[in-house]
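Notes follow once the structure below has been shown.
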There are 2 protein chains.
Amino acid sequence: MHPAESPRPSPQRRTRQRQAVDEILTGLAEFRTAQQIHDELRHKGDSIGLTTVYRTLQLMADAGELDAIRTAEGETAYRRCSGGHHHHLVCRSCGRTVEVSGPAVERWATAIAEEHGFREVSHDLEIFGTCQNC
Amino acid sequence: MHPAESPRPSPQRRTRQRQAVDEILTGLAEFRTAQQIHDELRHKGDSIGLTTVYRTLQLMADAGELDAIRTAEGETAYRRCSGGHHHHLVCRSCGRTVEVSGPAVERWATAIAEEHGFREVSHDLEIFGTCQNC
DNA sequence: TTCAGTGCAAAGCTTTTGCAACTAA
DNA sequence: TTAGTTGCAAAAGCTTTGCACTGAA
């Protein structure tokens with residue numbers, strides 16, 4: 001269900017398309033879907049196939065360079081992430097995202113899972129709200 | 001992104017199909033997708049359309065009778081739930097689910113969101129692990 | 001020169017919708 | 001009787017795959 005990610009090797013060739021995706025993601029504080037990124041690149045004048053965007057994002061996520069979440073609409077959204085374990089505080093309206101972490105929550109989750117006899121515990125936590133600007 | 005659910009009115013007619021879905025869900029401690037429920041009903045000999053299963057599950061979820069989660073594979077899985085706010089401890093292997101709740105986590109999530117200027121805060125939290133039997 | 005990478009078209013999947021037939025109340 | 005339900009077929013959306021072509025190293 002949520003397999004531990006085994007960091008794959010990074011892509012081997014630096015292509016124009018991969019650089020473009022990489023740049024879009026840089027300095028962006030929101031989650032974006034493959035289709036959104038594809039649209040943005042096209043509007044910017046870059047030529048790139050939707051398939052390539054999908055594949056590039058998957059590679060980057062597999063390599064641990066991106067965080068991926070599933071939206072309520074069934075899409076997969078990506079965002080560059082810092083290493084280490086953390087969670088997200090996401091604006092429902094504009095999508096702005098803040099990375100947060102809370103050791104207390106980690107401990108609570110592990111403790112309650114073990115209490116019920118569960119091992120190899122992991123968890124997903126996303127916080128949603130409306131940010132100041134929205 | 002995660003709109004507050006406004007509990008719709010429950011279905012108005014008690015049909016054979018809706019009773020069948022209801023019964024499958026009763027006493028089941030795991031999340032099931034629409035397709036899984038459809039399969040189980042068919043194997044049991046009940047005749048029901050996949051479309052009807054989808055619609056019935058949506059109605060029940062809208063009425064607050066079911067919890068819905070998105071699997072990593074992109075499917076929506078449902079499970080009968082108790083009222084009130086709670087989270088799930090899910091077995092990665094067999095799908096067995098335990099409802100858990102932690103006031104401390106709720107407070108933490110709300111606090112950290114407000115700290116960042118977010119209002120109307122909600123959150124999603126699922127804990128995964130391997131249960132004793134697996 | 002080579003083989004990873006690209007992108008179009010087509011296929012795959014889950015879920016939703018149109019609509020005529022059906023049925024609970 | 002009649003309005004809510006059903007279910008097939010078709011459509012909609014997101015994502016993946018087949019495959020011939022392209023281009024980075």
Side-chain angles (χ1 to χ4, degrees), chain A residues 1 3 8-25 31-63 65-79 95, chain B residues 1-3 5 8-25 31-63 65-79 95:
Chain A
M1 219 162 212
R8 286 195 203 173
S10 291
Q12 301 161 339
R13 288 185 190 177
R14 165 153 318 199
T15 64
R16 173 177 58 74
Q17 292 89 334
R18 287 186 180 167
Q19 280 190 65
V21 171
D22 205 89
E23 276 171 33
I24 281 280
L25 254 12
F31 278 93
R32 287 284 146 83
T33 66
Q35 314 221 26
Q36 288 174 328
I37 291 173
H38 180 246
D39 283 352
E40 286 184 38
L41 287 172
R42 282 281 166 98
H43 280 70
K44 250 186 53 183
D46 286 331
S47 149
I48 186 172
L50 179 56
T51 306
T52 301
V53 176
Y54 273 109
R55 282 195 282 232
T56 301
L57 291 173
Q58 277 176 348
L59 282 174
M60 294 177 77
D62 285 347
E65 295 169 39
L66 300 182
D67 277 343
I69 60 176
R70 283 228 170 239
T71 69
E73 289 73 40
E75 303 166 314
T76 305
Y78 299 89
R79 175 181 185 275
Chain B
M1 221 161 213
H2 272 248
E5 313 102 35
R8 285 194 202 171
S10 290
Q12 299 162 338
R13 288 185 190 176
R14 166 150 321 199
T15 64
R16 173 176 58 75
Q17 291 89 334
R18 287 185 181 169
Q19 281 190 62
V21 172
D22 205 89
E23 276 170 33
I24 282 279
L25 255 10
F31 278 92
R32 287 284 144 82
T33 66
Q35 313 221 27
Q36 288 174 328
I37 291 174
H38 181 246
D39 283 351
E40 286 185 35
L41 288 172
R42 282 280 168 98
H43 280 70
K44 250 185 54 181
D46 286 332
S47 150
I48 186 171
L50 180 56
T51 305
T52 301
V53 176
Y54 272 109
R55 280 195 283 233
T56 302
L57 291 173
Q58 277 176 348
L59 283 174
M60 293 176 77
D62 284 348
E65 295 169 39
L66 300 181
D67 278 344
I69 60 175
R70 280 221 173 248
T71 69
E73 289 73 39
E75 304 166 315
T76 305
Y78 298 89
R79 175 180 184 276

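All chains are named by letter (A, B, ...) in the order of the sequence lines, taking the proteins before the strands, and each is independently numbered beginning at 1.
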Length of the line joining [X]:[atom1] and [N]:[atom2], which is rounded to integer Å:
X       : N      : atom1 : atom2 : result
B/Arg18 : D/dG4  : CZ    : P     : 11 Å
A/Arg70 : D/dG13 : CZ    : P     : 17 Å
B/Met60 : D/dT5  : CE    : P     : 13 Å
B/Glu73 : C/dG12 : CD    : C1'   : 15 Å

For B/Asp22, salt bridge (Lys or Arg N to Asp or Glu O under 4.0 Å) partners two or more places apart: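 For B/Asp22, the residues satisfying salt bridge (Lys or Arg N to Asp or Glu O under 4.0 Å) (neighbours in sequence not counted) are B/Arg80.
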
A/Glu40: salt bridge (Lys or Arg N to Asp or Glu O under 4.0 Å) partners, not counting sequence neighbours: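 Salt bridge (Lys or Arg N to Asp or Glu O under 4.0 Å) list for A/Glu40, sorted by chain: A/Arg32.
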
Please tabulate, for the side chains in residues 42-54 of chain A, all donor-acceptor contacts under 3.5 angstrom to protein atoms that are two or more places apart in sequence or on a different chain.
{"unit_1": "A/Arg42", "atom_1": "NE", "unit_2": "A/Ile48", "atom_2": "O", "d": "3.2"}
{"unit_1": "A/Arg42", "atom_1": "NH2", "unit_2": "A/Ile48", "atom_2": "O", "d": "2.7"}
{"unit_1": "A/His43", "atom_1": "ND1", "unit_2": "A/Asp39", "atom_2": "O", "d": "2.8"}
{"unit_1": "A/Tyr54", "atom_1": "OH", "unit_2": "A/Gln35", "atom_2": "NE2", "d": "3.3"}

Heavy atoms only: give me the nearest [X]-[Y] pair and the separation to one decimal.
X       : Y       : value
A/Ala68 : A/Thr76 : CB-CG2, 4.2 Å
B/Thr33 : B/Gln36 : N-OE1, 2.8 Å
A/Phe31 : A/Asp67 : CE2-O, 3.7 Å
A/Arg18 : A/Arg13 : NH1-O, 3.6 Å

Nucleic acid contacts - residues 33-48 of chain A versus DNA chain D, non-hydrogen atoms under 4.0 Å: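 Those residues whose heavy atoms fall under 4.0 Å from DNA chain D, taken from residues 33-48 of chain A in numerical order, are A/Gln35.
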
A/Gln17 vs D/dG23: side-chain N/O to OP1/OP2 distance below 4.0 Å: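 The answer is no; no side-chain N or O of A/Gln17 sits under 4.0 Å from OP1 or OP2.
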
Between OG1 on residue A/Thr56 and CD1 on residue A/Ile24, distance to nearest 0.5 Å: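 Here the interatomic distance stands at 12.5 Å.
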
Atom pair CD1 (B/Ile69) and CD (B/Glu75), whose distance is rounded to the nearest 0.5 Å: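 With rounding to 0.5 Å, CD1 (B/Ile69) is 10.5 Å from CD (B/Glu75).
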
Worked check of side chain to side chain contact (heavy atoms under 4.5 Å, CB included) between A/Tyr78 and A/Glu65: CA-CA 10 Å; A/Tyr78 299 89; A/Glu65 295 169 39; over 6 Å; no

Contact letters for nucleotides 16-25 of chain C, in which S counts primed atoms plus P, OP1 and OP2 and B counts the base, heavy atoms under 4.0 Å: BBB----BBS

Between the first and last five pairs of the helix from C/dT1-D/dA25 to C/dA25-D/dT1, the angle of the axes, rounded to 10 degrees: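 Computed angle between terminal axes is 30°.
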
Stepwise side chain to side chain contact (heavy atoms under 4.5 Å, CB included) check, B/Val21 with B/Met60: CA-CA 10 Å; B/Val21 172; B/Met60 293 176 77; 4.3 Å; yes

